[in-house]
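What follows is a short report on a single structure.
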Amino acid sequence: MQMTNVPQAATPDDASSIGRTLALAFADDPMMCWFFPDPATRQAGLDGYFTTLFTRQYVRYGVCERTANAAAFWIPPQAQDKAVPDAETLAELTELLGDRAEPFRRSVGAAAANVPQEPHWYLAVIGADPVAQGQGQGAALLRSGLAKADAAGLPVYLESSKEANLAVYRHFGFEVLEEVRLPEGGPALWVMRRGAGA
């Protein structure tokens with residue numbers, strides 16, 4: 001089956017291609033560059049990072065969709081306790097991150113401190129391979145998840161560490177709630193919210 005811009009449910013069998021797609025998508029993301037500072041090993045590190053998150057966490061508890069060259073991981077309200085990596089996932093990520101593991105743990109803690117109390121959908125990850133950016137695949141995935149949240153009458157939250165993406169999210173109805181500075185000299189993280197049906 002050939003996938004284009006139509007979102008499809010992702011399965012564990014998609015792990016390697018999703019890991020590779022997201023590694024390419026986040027190669028210049030400020031937070032990911034901070035976690036994986038060496039350009040020579042960043043691609044492999046990001047591939048392992050996203051594959052681990054997908055297989056250990058999001059495909060089990062979230063709503064994961066993909067197109068040919070993009071992927072998105074969502075956490076519905078009933079699985080909010082899975083929005084932050086659990087101890088086993090953190091242990092696996094610690095091996096990948098090496099000496100960046102401790103800043104990563106502190107960053108996870110800082111992000112978790114901003115988790116809203118109201119019921120909501122959470123967009124954990126969305127990205128498209130740069131070769132497909134501008135073709136509408138990321139937008140199709142975003143619309144798919146937002147439609148699920150709207151059908152439930154719930155808001156959506158996300159965090160972005162890439163300032164250039166804020167305008168894209170604003171186009172889809174998100175507003176910046178807060179700018180969080182990650183610990184230990186880390187990049188800024190913008191917390192965004194979109195009301196139901198916005």
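Positions are given from 1, in the same order as the sequence printed here.
Across Gly136 and Asn5, no two heavy atoms sit closer than the pair C-ND2, 3.7 Å. The minimum heavy-atom distance linking Ala128 with Ala25 is given by the pair O-CB, 3.1 Å. Here the closest non-hydrogen pair linking Gly62 and Pro76 is CA-CD, 4.1 Å. Heavy atoms only, all atoms of each residue included: Pro119 and Pro155 are closest at O-CD, 3.5 Å. In terms of heavy-atom proximity, Leu154 sits nearest to Pro77 at CD1-CG, 3.5 Å. Closest approach of Ala188 and Arg181 over heavy atoms only: N-NH1, 3.4 Å.
Under the rule for a side-chain hydrogen bond (donor to acceptor under 3.5 Å, both in side chains), Ser107 has no partner lying at least two apart in sequence or in another chain. For Tyr61, there are no ring-ring contact (aromatic ring centres under 6.0 Å, His included) partners, not counting sequence neighbours. Remark: Asp47 pairs with Thr51 by the side-chain hydrogen bond (donor to acceptor under 3.5 Å, both in side chains) rule, at least two apart or across chains. Applying the side-chain hydrogen bond (donor to acceptor under 3.5 Å, both in side chains) rule to Asn165 yields no partners; only residues at least two apart in sequence or on another chain are considered. Remark: Arg106 pairs with Glu184 by the side-chain hydrogen bond (donor to acceptor under 3.5 Å, both in side chains) rule, at least two apart or across chains.
Counting only heavy atoms from C-beta outward, the side chains of Thr67 and Leu141 approach each other to under 4.5 Å. Using a 4.5 Å heavy-atom threshold, the side chains of Leu46 and Leu22 count as separate. Under the 4.5 Å side-chain criterion, counting only non-hydrogen atoms from C-beta, Leu182 is in contact with Pro187. Side-chain contact between Phe174 and Leu146: present, with at least one pair of heavy atoms (C-beta onward) separated by less than 4.5 Å. Counting heavy atoms from C-beta outward, Glu88 and Gln57 have side chains that stay 4.5 Å or more apart. A heavy-atom distance below 4.5 Å is not found between the side chains of Glu179 and Glu163.
Put simply, NZ on Lys162 and CG on Asp29 are 6.5 Å apart, with the number rounded to the nearest 0.5 Å. Considering CD1 of Ile126 and CD of Glu65, their distance stands at 9.5 Å, rounded to 0.5 Å.
Pairs engaging residues 125-160 under the ring-ring contact (aromatic ring centres under 6.0 Å, His included) rule: His120-Tyr157 [sequence neighbours left out].
Judged purely by atom type and a 3.5 angstrom limit, Arg60 uses its side chain to pair as donor or acceptor with the backbone of Thr55. With hydrogens and angles disregarded, a donor-acceptor distance shorter than 3.5 Å links the side chain of Arg42 to the backbone of Phe36. No donor-acceptor distance shorter than 3.5 angstrom exists from the side chain of Gln43 to the backbone of Ala27, with no hydrogens or angles considered. Judged by distance alone, the side chain of Asn69 and the main-chain N or O of Gln137 form no donor-acceptor pair under 3.5 Å. A donor-acceptor pair under 3.5 Å is formed between the side chain of Thr94 and the backbone N or O of Leu90. Between the side chain of Arg66 and the main chain of Ile18, no donor-acceptor pair closer than 3.5 Å is present. One N or O on the side chain of Ser161 and one on the backbone of Met31 form a donor-acceptor pair closer than 3.5 Å.
In the hydrophobic clustering of ILVMFWY residues, with side-chain heavy atoms under 4.5 Å counting as a link, Val156 and Leu177 come out apart. Val191 is connected to Leu189 through a chain of hydrophobic side-chain contacts under 4.5 Å among Ile, Leu, Val, Met, Phe, Trp and Tyr, so both are in one cluster. Note on Trp74: it does not cluster hydrophobically with Val125, by side-chain heavy-atom contacts below 4.5 Å among ILVMFWY residues. No path of Ile, Leu, Val, Met, Phe, Trp and Tyr side chains, each step under 4.5 Å between heavy atoms, connects Tyr122 with Met192, placing them in separate hydrophobic clusters. Residue Val168 is not grouped with residue Phe73 when hydrophobic side chains (ILVMFWY) are merged at heavy-atom distances under 4.5 angstrom, including chains of intermediate members.
One finds no salt bridge joining Glu175 and Arg170 here, because no Lys/Arg side-chain nitrogen approaches an Asp/Glu carboxylate oxygen to under 4.0 Å. Comment: Arg20 does not engage Asp129 in a salt bridge, judged by the lack of any side-chain N to carboxylate O separation of less than 4.0 angstrom. Between Glu178 and Arg193 there is no salt bridge, since no side-chain N of the basic residue sits under 4.0 Å from a carboxylate O of the acidic one. Salt bridge Arg194/Asp150: present, at least one basic N to carboxylate O contact under 4.0 Å.
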Requested in this report: Step by step, work out the side-chain contact (heavy atoms from CB on, under 4.5 Å) result for Leu158 and Tyr169.
Outcome: CA-CA 9 Å; Leu158 62 81; Tyr169 292 128; 3.6 Å; yes

Report task. Decide side-chain hydrogen bond (donor to acceptor under 3.5 Å, both in side chains) for Thr89 and Asp86; before the verdict, give the C-alpha distance in whole Å, the side-chain angles of both, and the deciding distance to 0.1 Å. Result -> CA-CA 5 Å; Thr89 305; Asp86 60 25; 2.7 Å; yes

Query raised in the report: Given the rule in the side-chain contact (heavy atoms from CB on, under 4.5 Å) test, do Phe54 and Cys64 qualify, once you have shown the distances and angles that lead to the verdict?
Result: CA-CA 8 Å; Phe54 177 71; Cys64 297; 3.8 Å; yes

Query raised in the report: Passes side-chain contact (heavy atoms from CB on, under 4.5 Å), Leu142 versus Leu123? Steps please.
Result: CA-CA 9 Å; Leu142 190 51; Leu123 177 54; 3.7 Å; yes

Report task. Start with the C-alpha gap between Phe104 and Tyr49, add the side-chain angles, then the distance that decides, and say whether side-chain contact (heavy atoms from CB on, under 4.5 Å) holds. Result -> CA-CA 12 Å; Phe104 171 77; Tyr49 174 84; 3.7 Å; yes

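Within 6.0 Å of the CD atom in Glu95, the count of heavy atoms belonging to other residues, nucleotides or ligands does not exceed 12.
Two rings, from Phe26 and Phe50, have their centers less than 6.0 Å apart.
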